Amino acid sequence: MSASNMNMNNRVTFYEEKNFQGRSYECSSDCADMSSYLSRCHSCRVERGCFMVYDRSNYMGNQFFMRRGEYSDYMSMMGMSDCIKSVRMIPMHRGQYRMRIYERDNFGGQMHEMMDDCDNVMDRYRMSNCMSCNVMDGHWLMYEQPQYRGRCMYMRPGEYRNFMNQGMSQGMRFMSMRRINDSYY
């Protein structure tokens, strides 16, 4: 099965009310602004695939990772103060994972290349900050605290010179990284 066929099966349904009630919107790809489909969103059901949801349109603001499952009241589960405004489908990746993390903005300071998960960059690399990165292969989640805790950001292949350009708050840094691999699908 080709990667494009696997991604065609991804599907998430958003509901205006808790417990899968009210108007719904089914999505199997990216949607930069959900406000034309739903006035609010309080629950969702991920039937297949993985998605990142954002509390601002155009894939900005706080991000939350959703994999297959039911989220009957995701706002209280995730501590979201606002509803989902945009969603991005995460394609399945087959092959190696490779990312370079940098201590400072614009690929400055220490650099380390990673090919697997890292639960604490301070313990593993003696880095107190991770302020930019270059994702060469695979799809990753980066977390602001060790042990994959706190706010996270979805990183697909590309250069990220400054995390603020991705809609993250000033001074946000990342302390742990995890690959989005087959086990999530």
Side-chain angles (χ1 to χ4, degrees), residues 1-95 97 99 116-119 135 138-157 163 166-169 172 174-185:
M1 185 182 278
S2 73
S4 60
N5 287 340
M6 286 186 290
N7 295 334
M8 295 286 290
N9 294 326
N10 293 343
R11 186 167 60 228
V12 59
T13 305
F14 298 98
Y15 299 86
E16 285 190 333
E17 305 298 332
K18 295 177 185 176
N19 300 312
F20 320 111
Q21 301 295 309
R23 279 195 323 167
S24 65
Y25 169 63
E26 187 176 291
C27 184
S28 59
S29 62
D30 296 354
C31 180
D33 187 1
M34 288 180 42
S35 62
S36 59
Y37 303 107
L38 298 174
S39 60
R40 62 186 177 274
C41 178
H42 288 287
S43 59
C44 71
R45 183 177 283 131
V46 179
E47 294 178 45
R48 284 186 297 276
C50 295
F51 295 85
M52 283 308 283
V53 296
Y54 302 80
D55 65 1
R56 290 173 41 205
S57 59
N58 296 313
Y59 320 112
M60 301 294 276
N62 292 313
Q63 306 179 25
F64 299 91
F65 176 68
M66 295 187 153
R67 60 198 267 186
R68 193 164 69 142
E70 295 188 340
Y71 302 85
S72 61
D73 182 8
Y74 74 83
M75 287 179 72
S76 65
M77 286 170 46
M78 299 178 187
M80 279 183 90
S81 59
D82 202 356
C83 64
I84 294 172
K85 300 283 200 235
S86 55
V87 60
R88 177 164 272 153
M89 189 269 302
I90 301 173
M92 185 181 282
H93 174 75
R94 300 238 188 245
Y97 289 77
M99 173 171 58
D116 60 355
D117 299 351
C118 175
D119 64 359
V135 177
H139 299 264
W140 298 74
L141 292 175
M142 296 180 70
Y143 295 84
E144 69 177 339
Q145 296 172 18
Q147 307 299 323
Y148 318 115
R149 292 171 150 20
R151 292 179 296 174
C152 74
M153 189 161 93
Y154 166 51
M155 310 301 273
R156 55 189 184 174
F163 295 138
Q166 276 31 78
M168 300 309 284
S169 57
M172 181 146 180
F174 295 98
M175 300 304 295
S176 55
M177 297 81 185
R178 176 178 277 166
R179 297 162 296 157
I180 303 173
N181 58 29
D182 293 1
S183 66
Y184 289 101
Y185 288 82

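In this text, all values refer to a predicted model and were calculated from it rather than measured experimentally.
Between Val135 and Trp140 the shortest side-chain heavy-atom distance falls below 4.5 Å. Residues Pro91 and His139 form a side-chain contact, since some pair of their non-hydrogen atoms from C-beta on lies under 4.5 Å apart. The closest side-chain heavy-atom distance from Tyr143 to Arg151 is not below 4.5 Å. Counting heavy atoms from C-beta on, the side chains of Tyr59 and Asp30 come closer than 4.5 Å.
Taking NZ of Lys85 as the reference point, atom CG of Asn58 lies at 12.5 Å (rounded to 0.5 Å). One finds the CE atom of Met155 at 7.0 Å from the CE atom of Met99 (value rounded to the nearest 0.5 Å). Rounding to the nearest 0.5 Å gives a distance of 10.0 Å between CE of Met52 and CG of Asn62. To the nearest 0.5 Å, atoms CZ (Arg68) and CE (Met66) are separated by 15.5 Å. The OG atom of Ser29 lies 8.0 Å from the CZ atom of Phe51; values are rounded to the nearest 0.5 Å. Note that OH of Tyr154 and OH of Tyr54 are 7.0 Å apart. Values are rounded to the nearest 0.5 Å.
A distance-only check finds a donor-acceptor pair linking the side chain of Ser86 to the backbone of Arg56 [under 3.5 Å]. The closest donor-acceptor contact from the side chain of Asp55 to the backbone of Gly61 lies at 3.5 Å or more, if one exists at all. Looking only at distances, a side-chain donor or acceptor of Asn181 sits under 3.5 Å from a matching main-chain atom of Ser183. The backbone N or O of Asn19 lies less than 3.5 Å from no partner atom in the side chain of Ser72, so there is not a single donor-acceptor pair.
Nearest heavy-atom pair, Ile90 versus Asn10, reported as atom, atom and distance to 0.1 Å: O-ND2, 4.0 Å. Across all their heavy atoms, Met153 and Phe174 have their closest contact at CB-CZ, 3.7 Å. Smallest separation of non-hydrogen atoms from Phe14 and Cys44: CD2-CB, 3.6 Å. Closest non-hydrogen pair, Ser43 versus Glu17, comes out as OG-O, 2.6 Å. Heavy atoms only, all atoms of each residue included: Met177 and Tyr148 are closest at O-CE2, 3.3 Å. Pairing each heavy atom of Ser35 with each of Asp33, the nearest pair is OG-OD1, 2.7 Å.
The aromatic rings of Tyr25 and Tyr37 sit parallel to each other, their planes meeting at less than 30°, with 60° as the upper class boundary. Relative ring orientation between Tyr184 and Phe65 is described as perpendicular, the plane-to-plane angle rising above 60° on a 0-90° scale split at 30° and 60°.
For Arg45, the side-chain hydrogen bond (donor to acceptor under 3.5 Å, both in side chains) partners at least two apart in sequence or on another chain are Tyr15, Glu70. Every residue two or more places apart in sequence or in another chain that forms a side-chain contact (heavy atoms from CB on, under 4.5 Å) with Glu26 is listed here: Arg11, Thr13.
Between Asp119 and Arg178 there is no salt bridge, since no side-chain nitrogen of the basic residue lies less than 4.0 Å from a carboxylate oxygen of the acidic one. Comment: Asp73 engages Lys18 in a salt bridge, judged by a side-chain N to carboxylate O separation of less than 4.0 angstrom.
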Worksheet entry | Derivation of the salt bridge (charged side-chain N to carboxylate O under 4.0 Å, His left out) call for Arg179 and Asp117 | CA-CA 6 Å; Arg179 297 162 296 157; Asp117 299 351; 2.9 Å; yes
Discussion item. Go through it in stages, so that I can follow the logic: the residues are Leu141 and Ile180, the test is side-chain contact (heavy atoms from CB on, under 4.5 Å), and I'd like the CA-CA distance, side-chain angles, deciding distance and then a yes or no.
Written reply: CA-CA 7 Å; Leu141 292 175; Ile180 303 173; 3.7 Å; yes
Discussion item. Using the rule given for side-chain hydrogen bond (donor to acceptor under 3.5 Å, both in side chains), can you reason through Ser176 versus Gln147, listing the C-alpha separation, both sets of side-chain angles and the distance that settles it, and then say yes or no?
Written reply: CA-CA 6 Å; Ser176 55; Gln147 307 299 323; over 6 Å; no
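One side chain, Ser39 or Glu16, offers a donor N or O that lies under 3.5 Å from an acceptor on the other.
Under a cut-off of 6.0 angstrom, the local environment of CZ in Arg23 is crowded, with over 12 non-hydrogen atoms contributed by other residues, nucleotides or ligands.
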